[in-house]
Amino acid sequence: MARKLASRFVAGETVEEAVSAAQELARRGITPSLDFLGESISAESEAAAARDVYLRMLDQMAAAGLEVNVSVKLTQMGLDISEELCHTNMTRILDKARALRGFVRLDMESSDYTQKTLDFFSRRLFGAYQDHCGVVIQSALRRSEQDIDDLIGLRARVRLCKGAYLEPPAVAFPDKKDVDRNYRLLMERLLLKGNYPGIATHDEKLIEHARHFVKLHGISSERFEFQMLYGVRRDLQTRLRQAGYHMRVYIPFGNQWYPYLMRRLAERPANIAFILGNLIRESVPGR
Ligand code: FDA
């Protein structure tokens, strides 16, 4: 049952399936960011295996004529084991991405990793791979306004999202309206001064606000992109693309889909009823 639920949000288990989902989106003018699911790895061999999947993904995206763009979690590359190991794995991925003129986004994990991820990004990767890597900021976190200013100062590429992790009130706004208010503030700042920000949300009010804001300030649609998750608001993805905006879809795949699925269901419990309803309809004989 969980596997069937996952299939709405996860594009299969293999690189080939993910590349084929990306090609399908590319036919509609939508660009991809492929994500091999996995996090909190505690064995060196598993981190190396995940790195090798990323190396294959990059090659296969290029061979399929897709824009080469992937998202990766540092704990999947061994950050919990040692920073050196993580650096070695990330360097291999970034060297290949650079050779293929591609881009690697460091996903942001729970707040235990925010400082570590930003330090790793700005001190260990950014200098060598400036045009080929970027990071994620979550509007749920109280610290994010300062982080955005620092990253704008660096000219680093930022994806802005609300944040998918349950956090203590000391570090994150407990109230959704504050998360949304902060998103709007950080989004405006990135649109005005950021380096090709990724506006990652399905929130129609915020998207409408972005469209209004860029028009008001004469910001060209070449200077930013909208981003959404695979399987979420496909109607809105198509509409934005048709309206002339860059639209990127984050495409997760792999067999470690359980934590990812749980985060998607927690965001919108109505998904459970919706998907279960479909499954029941599909399983009724004769329909
Ligand atoms: P919100 O949750 O307020 O939802 C607004 C509306 O969008 C809902 O009313 C519904 O219509 C629709 N919607 C949202 N989620 C849905 C779902 N699961 N199913 C169906 N409809 C849904 N987080 C993180 O912590 N670190 C990261 O690195 C990333 N990376 C990332 C990349 C990209 C491209 C996206 C779009 C998102 C992320 N996220 C993330 C996840 C993000 O933090 C957040 O949890 C989700 O995007 C949901 O938040 P919204 O901004 O969509 O708003």
Side-chain angles (χ1 to χ4, degrees), residues 5-11 22 25 30-40 69-76 103-114 117-118 121 133-141 143-144 147 157-167 171-173 175-184 186-187 197-210 224-237 239-240 245-252 257 259-278:
L5 278 172
S7 68
R8 158 135 189 216
F9 300 110
V10 175
L25 287 165
I30 293 174
T31 53
S33 187
L34 255 54
D35 168 54
F36 177 54
L37 291 164
E39 52 202 275
S40 310
N69 186 307
V70 297
S71 295
V72 61
K73 290 184 175 52
L74 290 182
T75 65
Q76 186 182 23
F103 187 82
V104 178
R105 178 81 62 182
L106 307 188
D107 279 344
M108 188 56 82
E109 302 179 63
S110 72
S111 64
D112 292 341
Y113 292 97
T114 310
T117 303
L118 293 175
F121 171 73
C133 65
V135 74
V136 178
I137 292 293
Q138 300 152 325
S139 71
L141 300 193
R143 57 175 287 160
S144 290
D147 291 334
R157 275 175 60 176
V158 174
R159 169 200 294 155
L160 180 65
C161 67
K162 289 191 187 176
Y165 297 84
L166 195 61
E167 302 285 0
V171 294
F173 300 108
D175 210 333
K176 184 171 163 23
K177 75 173 182 337
D178 293 322
V179 176
D180 294 355
R181 181 194 42 76
N182 201 34
Y183 194 102
R184 181 183 293 231
L186 303 182
M187 175 173 81
I199 306 302
T201 183
H202 317 91
D203 187 328
E204 271 197 89
K205 273 201 199 128
L206 286 169
I207 291 169
E208 273 315 302
H209 182 73
F224 67 97
E225 66 183 23
F226 288 115
Q227 299 186 351
M228 291 191 198
L229 300 176
Y230 182 78
V232 179
R233 292 304 309 264
R234 286 171 281 204
D235 56 330
L236 190 51
Q237 294 172 13
R239 252 196 288 142
L240 286 170
Y245 296 101
H246 290 298
M247 179 77 237
R248 186 177 304 282
V249 167
Y250 180 102
I251 306 176
W257 42 261
Y260 180 84
L261 174 66
M262 289 304 119
R263 289 197 286 272
R264 299 293 77 81
L265 295 182
E267 256 149 38
R268 193 163 178 264
N271 276 335
I272 302 176
F274 174 77
I275 295 171
L276 284 178
N278 280 346

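Atoms within a ligand are numbered from 1 in the order they appear, just like the ligands themselves.
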Asker: Looking only at N/O atoms, are K162 and ligand 1 under 3.5 Å apart anywhere?
Answerer: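 Yes; at least one N/O pair falls below 3.5 Å.
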Asker: Hey, is R233 close enough to D235 for a salt bridge, meaning N to O under 4.0 Å?
Answerer: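 Salt bridge present between R233 and D235.
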Asker: Strictly under 4.0 Å, does any heavy atom of R159 approach an atom of ligand 1?
Answerer: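 Contact check R159 vs ligand 1: positive.
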Asker: In terms of residue, atom name and distance, what is the protein heavy atom nearest to atom 41 (C) of ligand 1?
Answerer: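 It is R264 NH2, 3.7 Å.
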Asker: Any idea which protein heavy atom is nearest atom 6 (C) of ligand 1, and the distance to it?
Answerer: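 Atom 6 (C) of ligand 1 sits closest to the protein heavy atom H202 O, 3.8 Å.
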Asker: Quick test of your reading of the structure: of S111, C161, P252, whose heavy atom lies closest to atom 42 (C) of ligand 1?
Answerer: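 Checking each option, the heavy atom nearest atom 42 (C) of ligand 1 is found in C161.
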Asker: With respect to M108, determine whether any N or O atom, backbone or side chain, lies less than 3.5 Å from an N or O atom of ligand 1.
Answerer: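 Checking ligand 1 against M108, an N or O pair does fall under 3.5 Å apart.
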Asker: With no hydrogens and no angle check, do the side chains of Y183 and D203 hold a donor and an acceptor under 3.5 Å apart?
Answerer: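 Not at all, the side chains of Y183 and D203 share no donor-acceptor pair under 3.5 Å.
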Asker: State whether the side chain of Q237 and the backbone N or O of M247 hold a donor-acceptor pair below 3.5 Å, judged by distance alone.
Answerer: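 Judged by distance alone, no pair lies under 3.5 Å.
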Asker: If we only count heavy atoms from C-beta on, is the Y113 to K73 side-chain gap below 4.5 Å?
Answerer: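 In short, these two side chains do not touch, never coming nearer than 4.5 Å.
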Asker: Quick test: of every protein heavy atom, which one is nearest to atom 8 (C) of ligand 1, and how far off is it to 0.1 Å?
Answerer: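 Result for atom 8 (C) of ligand 1: R268 CD, 4.5 Å.
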Asker: Quick test: of every protein heavy atom, which one is nearest to atom 51 (O) of ligand 1, and how far off is it to 0.1 Å?
Answerer: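 Here the nearest protein heavy atom works out to T201 OG1, 2.6 Å.
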Asker: Please say whether A164 places an N or O atom under 3.5 Å from an N or O atom belonging to ligand 1.
Answerer: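 It does: an N or O of A164 is found under 3.5 Å from an N or O of ligand 1.
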Asker: Does the protein put a heavy atom under 4.0 Å from atom 30 (N) of ligand 1?
Answerer: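 Given the 4.0 Å cut-off, atom 30 (N) of ligand 1 counts as touching protein heavy atoms.
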Asker: Salt bridge check: are R248 and E225 linked by an N-O gap of less than 4.0 Å?
Answerer: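 So R248 pairs with E225 through a salt bridge.
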Asker: Report yes if some N/O of R8 lies less than 3.5 Å from some N/O of ligand 1; otherwise report no.
Answerer: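 Checking ligand 1 against R8, no N or O pair falls under 3.5 Å apart.
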Asker: Atoms of ligand 1 less than 4.0 Å from Q227 heavy atoms?
Answerer: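 So the atoms of ligand 1 that pass are 34 (C), 36 (C).
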Asker: For the pair L106 and V72, evaluate side-chain contact (heavy atoms from CB on, under 4.5 Å) and give the outcome as yes or no after the intermediate values.
Answerer: CA-CA 5 Å; L106 307 188; V72 61; 4.0 Å; yes
Asker: Against heavy atoms of D107, which atoms of ligand 1 measure under 4.0 Å?
Answerer: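 Within the 4.0 Å cut-off of D107, ligand 1 contributes 28 (O).
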Asker: Any atoms of ligand 1 less than 4.0 Å from a non-hydrogen atom of Y250? List them with their elements.
Answerer: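 Here the atoms of ligand 1 in question are 32 (C), 34 (C).
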Asker: Would E204 count as a contact of ligand 1 if the rule is a heavy atom under 4.0 Å away?
Answerer: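 Under 4.0 Å: no for E204.
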Asker: Among all the protein's non-hydrogen atoms, which is closest to atom 15 (N) of ligand 1, and how far away is it?
Answerer: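 Minimum-distance protein heavy atom for atom 15 (N) of ligand 1 reads E267 OE1, 3.6 Å.
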Asker: Which residue owns the protein heavy atom closest to atom 19 (N) of ligand 1, what's the atom, and how far is it?
Answerer: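 Scanning the protein heavy atoms, the shortest distance from atom 19 (N) of ligand 1 goes to N271 ND2, 2.8 Å.
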Asker: Below 4.0 angstrom from a heavy atom of K176, which ligand 1 atoms are there? Numbered from 1 as shown, please.
Answerer: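 Per the distance check, 3 (O).
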Asker: Considering only protein heavy atoms, which is closest to atom 5 (C) of ligand 1, and at what distance to one decimal place?
Answerer: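 That would be D203 CA, 3.8 Å.
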Asker: Which atoms of ligand 1 sit under 4.0 Å from any heavy atom of G163?
Answerer: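 What qualifies from ligand 1 is 25 (O), 42 (C), 43 (O), 45 (O).
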Asker: Between the side chain of Q76 and the main-chain N/O of F36, is any donor-acceptor distance below 3.5 Å?
Answerer: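 Pair found, side chain donor or acceptor close to backbone of F36.
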Asker: Side chain, backbone, both or neither: which part of R248 comes within less than 4.0 Å of ligand 1 when only heavy atoms are counted?
Answerer: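 Neither part.
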Asker: So which protein heavy atom does atom 35 (C) of ligand 1 come closest to, and at what separation?
Answerer: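 Result for atom 35 (C) of ligand 1: L229 CD2, 3.3 Å.
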Asker: Going by distance alone, is a donor N or O of one side chain under 3.5 Å from an acceptor N or O of the other, for S33 and Q227?
Answerer: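 Not at all, the side chains of S33 and Q227 share no donor-acceptor pair under 3.5 Å.
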Asker: Do the side chains of R143 and E167 get close enough for a salt bridge, i.e. N-O under 4.0 angstrom?
Answerer: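 Judged by the 4.0 Å cut-off on N to carboxylate O distance, R143 and E167 do not form a salt bridge.
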Asker: Charged N to carboxylate O under 4.0 angstrom, K205 versus D180?
Answerer: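 No, K205 and D180 are not salt-bridged.
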Asker: Just checking, R264 and Y260: is the charged tip under 6.0 Å from the six-membered ring centre and within 45° of the axis?
Answerer: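 Relative to the ring axis of Y260, which defines the angle, R264 lies inside both limits.
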Asker: Examine R181 relative to F173 and say whether NZ or CZ is less than 6.0 Å from the centre of the six-membered ring and inside a 45° cone about the ring axis.
Answerer: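 Yes, R181 lies over the aromatic ring of F173.
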Asker: Can you tell me if T201 uses its side chain to pair, donor with acceptor, with the backbone of M228 under 3.5 Å?
Answerer: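 Looks like no, no N/O pair under 3.5 Å.
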